[in-house]
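Below, chain A is the first sequence line, B the second, and so on; all start at residue 1.
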Protein chains: 2
Amino acid sequence: MKISEVIYSLYKLAKVGAIDGVNISTNELGKLLGLSQQSASRRLIDLEALGYIYREIRGGKSYVIITEKGYNLLKKFYLDLRMIFEKDKNVLFRLRGRVFTGFGEGAYYTSLPGYKTQFVQKLGFEPYPGTLNLRLDLESIKMRKELELLDGIIIHGFEHNGRTYGSAKCFKALIENKIKGAILLIERTHYGIDVLEVVAPVNLRKSLKLKDGDWVTVTVLI
Amino acid sequence: MKISEVIYSLYKLAKVGAIDGVNISTNELGKLLGLSQQSASRRLIDLEALGYIYREIRGGKSYVIITEKGYNLLKKFYLDLRMIFEKDKNVLFRLRGRVFTGFGEGAYYTSLPGYKTQFVQKLGFEPYPGTLNLRLDLESIKMRKELELLDGIIIHGFEHNGRTYGSAKCFKALIENKIKGAILLIERTHYGIDVLEVVAPVNLRKSLKLKDGDWVTVTVLI
DNA sequence: ATTACTACACACCGAGTAA
DNA sequence: TTTACTCGGTGTGTAGTAA
């Protein structure tokens with residue numbers, strides 16, 4: 001059996017739920033694969049013999065579940081295709097969260113020369129003293145976790161008068177499709193992973209007329 | 001030629017750069033595909049005849065570039081796999097666009113019984129008569145193009161009094177993280193691809209206090 | 001070195017059919 | 001209804017070879 005047929009069959013099976021297990025007749029499968037009932041039956045037999053699926057008869061129909069071997073084969077294809085299609089695209093996340101008032105320390109940190117000079121040099125703007133705090137929605141928290149894994153712009157920590165100041169990872173971002181700024185993933189933050197801190201050259205609260213509870217969209221540019 | 005072979009061949013070709021164009025001998029391609037030189041040669045001839053690749057001889061070798069038809073086929077395969085593997089992330093895309101006033105025909109179409117009953121049945125709500133028109137930003141237009149390739153919820157066209165009404169593809173969506181509705185990709189629309197039409201059970205302009213030029217974020221859900 | 005034709009072999013598909 | 005066997009036709013791959 002050709003590898004292309006294995007992949008195509010696993011793909012069609014996965015599409016109807018065979019990763020978690022699916023009850024399907026060979027007739028139905030045949031239609032999905034563009035084959036006769038007889039050929040679909042043989043296809044299942046072959047896939048099972050090769051270890052790509054597990055199969056049994058349940059209620060007269062075939063119950064099919066893709067094995068780990070089959071899952072890994074299909075996933076490798078998926079990841080290859082992702083490389084192909086997402087390679088030279090500005091990978092983009094769009095996070096969304098509600099404004100809230102934080103501890104007010106953002107203003108202190110962003111005005112420290114040890115950080116400020118790095119911001120100017122690496123982000124191209126002098127940050128307005130203070131960060132905009134957003135409490136992210138569920139999907140944005142997932143995206144934030146992916147951002148943690150990515151290489152961003154590193155703002156290095158430093159030591160001053162015996163006190164250490166932690167480092168942060170930044171990504172350039174567009175706030176509300178209007179204002180260029182950056183998001184900060186701060187190493188040692190007092191906030192949880194559901195909080196995102198945003199900096200910009202201007203006072204975001206004022207410029208965008210924001211008040212606590214307002215939703216803000218941040219487009220991360222990579 | 002079987003579709004599975006077409007996809008597999010395009011995948012291997014894309015992997016070595018055939019989306020942008022690649023110089024490859026039939027011998028090399030044969031090795032990639034697990035075929036003889038002769039079969040690889042025939043494979044290229046067949047793919048070209050079917051319109052999936054463009055091909056010419058350059059410097060003694062075959063220069064191969066995947067056509068739009070081939071690209072779309074492979075991309076659909078990729079997006080399907082993404083749906084399969086990323087289904088636990090239930091956000092597909094986050095589109096963003098500015099409100100504008102359209103021709104006002106949305107109200108007419110959404111109130112037609114031929115469409116309305118399908119909306120209720122397939123989307124689970126009766127649409128407020130009228131659509132919200134959004135002019136998308138650049139990144140959202142790219143996302144919209146990807147949505148065109150995906151399987152969505154199909155609203156079928158129909159004929160009434162000798163006039164035909166086109167079909168549309170829908171995706172459930174969350175507008176401004178607040179209101180459940182759907183986006184419409186209309187088959188025969190008067191607008192360009194930079195326009196997205198949004199429906200919801202309520203008057204979105206009123207509920208979200210929107211006016212022309214306001215930015216709106218639409219989260220497309222699986 | 002290339003591509004790609006012709007000829008032939010065989011793997012694969014579907015019809016018929018059994019269970 | 002199912003699944004899945006046998007068997008015959010054919011699509012697809014390869015070898016040989018030309019250009």
Value in whole Å for how far the [atom2] atom of [N] lies from [atom1] of [X]:
{"X": "A:Leu35", "N": "D:dT10", "atom1": "CG", "atom2": "P", "value": "18 Å"}
{"X": "A:Arg43", "N": "D:dT3", "atom1": "CZ", "atom2": "P", "value": "15 Å"}
{"X": "B:Tyr8", "N": "D:dT12", "atom1": "OH", "atom2": "P", "value": "17 Å"}
{"X": "A:Asp46", "N": "C:dC12", "atom1": "CG", "atom2": "P", "value": "8 Å"}
{"X": "A:Glu48", "N": "D:dT3", "atom1": "CD", "atom2": "P", "value": "13 Å"}
{"X": "A:Lys2", "N": "D:dG11", "atom1": "NZ", "atom2": "P", "value": "13 Å"}
{"X": "A:Lys31", "N": "D:dT2", "atom1": "NZ", "atom2": "C1'", "value": "13 Å"}
{"X": "A:Glu5", "N": "C:dC13", "atom1": "CD", "atom2": "C1'", "value": "11 Å"}

All N/O pairs under 3.5 Å across the protein-nucleotides 1-7 of chain C interface:
unit_1	atom_1	unit_2	atom_2	d
C:dT2	O3'	B:Gly60	O	3.0
C:dT3	OP1	B:Thr26	N	2.9
C:dT3	OP1	B:Ser62	OG	3.2
C:dT3	OP2	B:Thr26	N	3.1
C:dT3	OP2	B:Thr26	OG1	2.3
C:dA4	OP2	B:Arg55	NH1	2.7
C:dA4	N7	B:Gln37	NE2	2.9
C:dA4	N6	B:Gln37	OE1	2.9

Does the gap between the ring centers of [X] and [Y] come in under 6.0 Å?
{"X": "B:Tyr71", "Y": "A:Phe85", "answer": "yes"}
{"X": "B:Tyr191", "Y": "B:Phe103", "answer": "yes"}
{"X": "B:Tyr8", "Y": "A:Tyr8", "answer": "no"}

Axis bend over the full length of the helix from C:dT2-D:dA19 to C:dA19-D:dT2, computed from five pairs that close each end, to 10 degrees
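About 40°, once rounded to a multiple of 10°.
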Take B:Phe77 and B:Tyr11, measure what ring-ring contact (aromatic ring centres under 6.0 Å, His included) needs, and give me the verdict at the end.
CA-CA 10 Å; B:Phe77 187 68; B:Tyr11 152 71; 8.2 Å; no
Derivation of the salt bridge (Lys or Arg N to Asp or Glu O under 4.0 Å) call for A:Asp80 and B:Lys12
CA-CA 10 Å; A:Asp80 273 358; B:Lys12 286 289 187 184; over 6 Å; no
Under the 6.0 Å and 45° cation-pi test, does A:Arg98 pair with A:Phe100?
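Not flagged: A:Arg98 not positioned over aromatic ring of A:Phe100.
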Applying salt bridge (Lys or Arg N to Asp or Glu O under 4.0 Å) as the test, list every pair that has at least one member in residues 174-189 of chain B; sequence neighbours left out.
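Qualifying pairs, neighbours excluded: A:Arg96-B:Glu176.
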Donor-acceptor pairs under 3.5 Å, side chain of residues 143-154 of chain A to any protein atom, not counting sequence neighbours: which ones?
unit_1	atom_1	unit_2	atom_2	d
A:Arg144	NE	A:Glu148	OE2	3.1
A:Arg144	NH1	A:Val195	O	2.3
A:Arg144	NH2	A:Glu148	OE2	3.4
A:Glu146	OE2	B:Lys89	NZ	2.5

Worked verdict on B:Asp212 versus B:Arg135 for salt bridge (Lys or Arg N to Asp or Glu O under 4.0 Å)
CA-CA 10 Å; B:Asp212 279 8; B:Arg135 200 168 298 283; over 6 Å; no
Any B:Ser36 side-chain nitrogen or oxygen under 4.0 Å from OP1 or OP2 of D:dG13
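No, because none of the side-chain N or O atoms of B:Ser36 sits under 4.0 Å from OP1 or OP2 of D:dG13.
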For atom CD of A:Glu68, decide whether the heavy atoms of other residues, nucleotides or ligands shown that lie under 6.0 angstrom number more than 12.
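No, the 6.0 Å shell around CD holds no more than 12 heavy atoms from other groups.
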Under 4.0 Å from any atom of DNA chain D, heavy atoms only: list the residues of residues 9-18 of chain A that qualify, in numerical order.
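By residue number: none to list.
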side-chain contact (heavy atoms from CB on, under 4.5 Å) involving A:Ala14 - partner list, sequence neighbours excluded:
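Testing A:Ala14 for side-chain contact (heavy atoms from CB on, under 4.5 Å), a comparison that skips the adjacent residues, returns A:Ile19, A:Ile66, A:Leu74, B:Ile84.
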